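The next block holds one structure in the form of structure tokens; read it before the comments.
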Amino acid sequence: QVRLVESGGGSVQVGGSLRLSCDVSGYTYSTICIGWFRQAPGKEREGVAAFYKGGKGAVATTYANSVKGRFTISQDNAKNTVYLQMNSLKPEDTAMYYCAAIMGLGVRCVPGGEARYWGQGTQVTVSS
């Protein structure tokens with residue numbers, strides 16, 4: 001029932017910026033946890049950021065150390081969209097990026113948390 005669609009990927013130079021979008025629908029729970037993940041060919045999938053909003057509207061964001069200070073996750077509630085603003089991009093950021101709904105009993109809303117629903121992915125390529 002939960003559906004996610006990513007967009008905004010592309011090819012940029014080292015030091016450049018991109019903003020990825022994740023359009024979310026069918027999410028009827030009182031709280032929300034949306035994570036951004038990435039996977040490069042031949043490498044393990046890595047959680048890079050997580051966005052949490054509680055039933056009262058309190059917001060919390062967390063990041064992997066590899067992107068802390070460079071990436072920002074946020075939500076446009078009116079558009080049902082979660083963003084990943086990526087600045088100071090490095091070649092090692094090159095990967096397919098996915099957004100996902102992190103959910104389940106005992107699952108923490110942190111980067112890399114277990115996700116139940118996934119988007120199709122959007123490619124990010126950073127060249128020097």
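Bear in mind that the values here come from a model prediction, so they are computed numbers and not experimental data.
Remark: E92 CD is packed, more than 12 non-hydrogen atoms of other residues, nucleotides or ligands lying under 6.0 Å away. In the displayed structure, Q39 atom CD is contacted under 6.0 Å by more than 12 heavy atoms of other residues, nucleotides or ligands. Residue R108 places its CZ atom among 12 or fewer non-hydrogen atoms of other residues, nucleotides or ligands, all under 6.0 Å distant.
Counting heavy atoms from C-beta outward, W36 and L20 have side chains that approach closer than 4.5 Å. Counting only heavy atoms from C-beta outward, the side chains of T31 and Y52 approach each other to under 4.5 Å. Proximity of M86 to V124: side-chain heavy atoms (C-beta onward) are separated by under 4.5 Å at one or more points. F51 is listed as a side-chain neighbour of K53, based on a closest heavy-atom distance under 4.5 Å.
Under the 4.5 Å side-chain heavy-atom criterion for grouping Ile, Leu, Val, Met, Phe, Trp and Tyr, V24 is not connected to V5 through any hydrophobic cluster. Cluster membership for Y117 and L84, using ILVMFWY side-chain heavy atoms within less than 4.5 angstrom, is shared. Follow the hydrophobic side-chain contacts under 4.5 Å out from Y98 and you never reach F71; the two are in separate clusters. By the criterion of side-chain heavy atoms lying less than 4.5 angstrom apart, applied directly or through intervening Ile, Leu, Val, Met, Phe, Trp or Tyr residues, M96 is not grouped with V82; the two fall into different hydrophobic clusters. One hydrophobic cluster, built from ILVMFWY side chains closer than 4.5 Å, holds both M103 and V59.
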| query | Y63 and T72: side-chain contact (heavy atoms from CB on, under 4.5 Å), yes or no, with the steps? | reply | CA-CA 8 Å; Y63 302 91; T72 303; 3.7 Å; yes
| task | Kindly indicate, with the supporting measurements, whether the criterion side-chain contact (heavy atoms from CB on, under 4.5 Å) is fulfilled by L4 and I34. | result | CA-CA 10 Å; L4 308 99; I34 301 294; 4.0 Å; yes
| Between I32 and Y27, is a side-chain contact (heavy atoms from CB on, under 4.5 Å) present by the stated rule, with each step listed? | CA-CA 8 Å; I32 184 171; Y27 203 111; 3.7 Å; yes
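Minimum heavy-atom separation, A64 to G47: CB-O, 3.4 Å. Nearest heavy-atom pair across S88 and S17 is N-OG, 4.4 Å. For the pair A95 and A40, the tightest heavy-atom approach, listed with the atom from each and the gap, is CB-N, 3.9 Å.
Hydrophobic cluster membership for V110: none, as no Ile, Leu, Val, Met, Phe, Trp or Tyr side chain comes under 4.5 Å of it.
A donor-acceptor distance shorter than 3.5 angstrom exists from the side chain of E6 to the backbone of Q120, with no hydrogens or angles considered. Looking only at distances, no side-chain donor or acceptor of T122 sits under 3.5 Å from a matching main-chain atom of S7. A donor-acceptor pair under 3.5 Å is absent between the side-chain atoms of R116 and the main chain of E114, judged by distance alone. In terms of modelled atom types and a separation under 3.5 Å, the side chain of T94 and the main chain of V126 share a donor-acceptor contact. A donor-acceptor pair is defined here as one N or O able to donate and one able to accept, closer than 3.5 Å; no such pair exists between the side chain of R19 and the backbone of Q85.
Distance SG/C22 to CG/D76: 12.5 Å, rounded to 0.5 Å. Distance OG/S25 to CD/Q1: 9.0 Å, rounded to 0.5 Å. Once rounded to the nearest 0.5 Å, the distance linking CG of L18 with CG of N87 reads 9.5 Å.
Relative to the ring axis of Y97, R38 does not place its NZ or CZ within 45° and under 6.0 Å from the centre.
Looking only at atom types and distance, the side chain of E46 has a donor-acceptor partner in the side chain of S66 under 3.5 Å away. With hydrogens and angles left out, the side-chain atoms of T81 and D23 include a donor and acceptor closer than 3.5 Å.
F37 and W118 have tilted rings, their planes meeting at an angle from 30° to 60° on a 0 to 90° scale.
Sequence neighbours left out, not one pair with a member in residues 52-95 passes disulfide (SG to SG under 2.5 Å).
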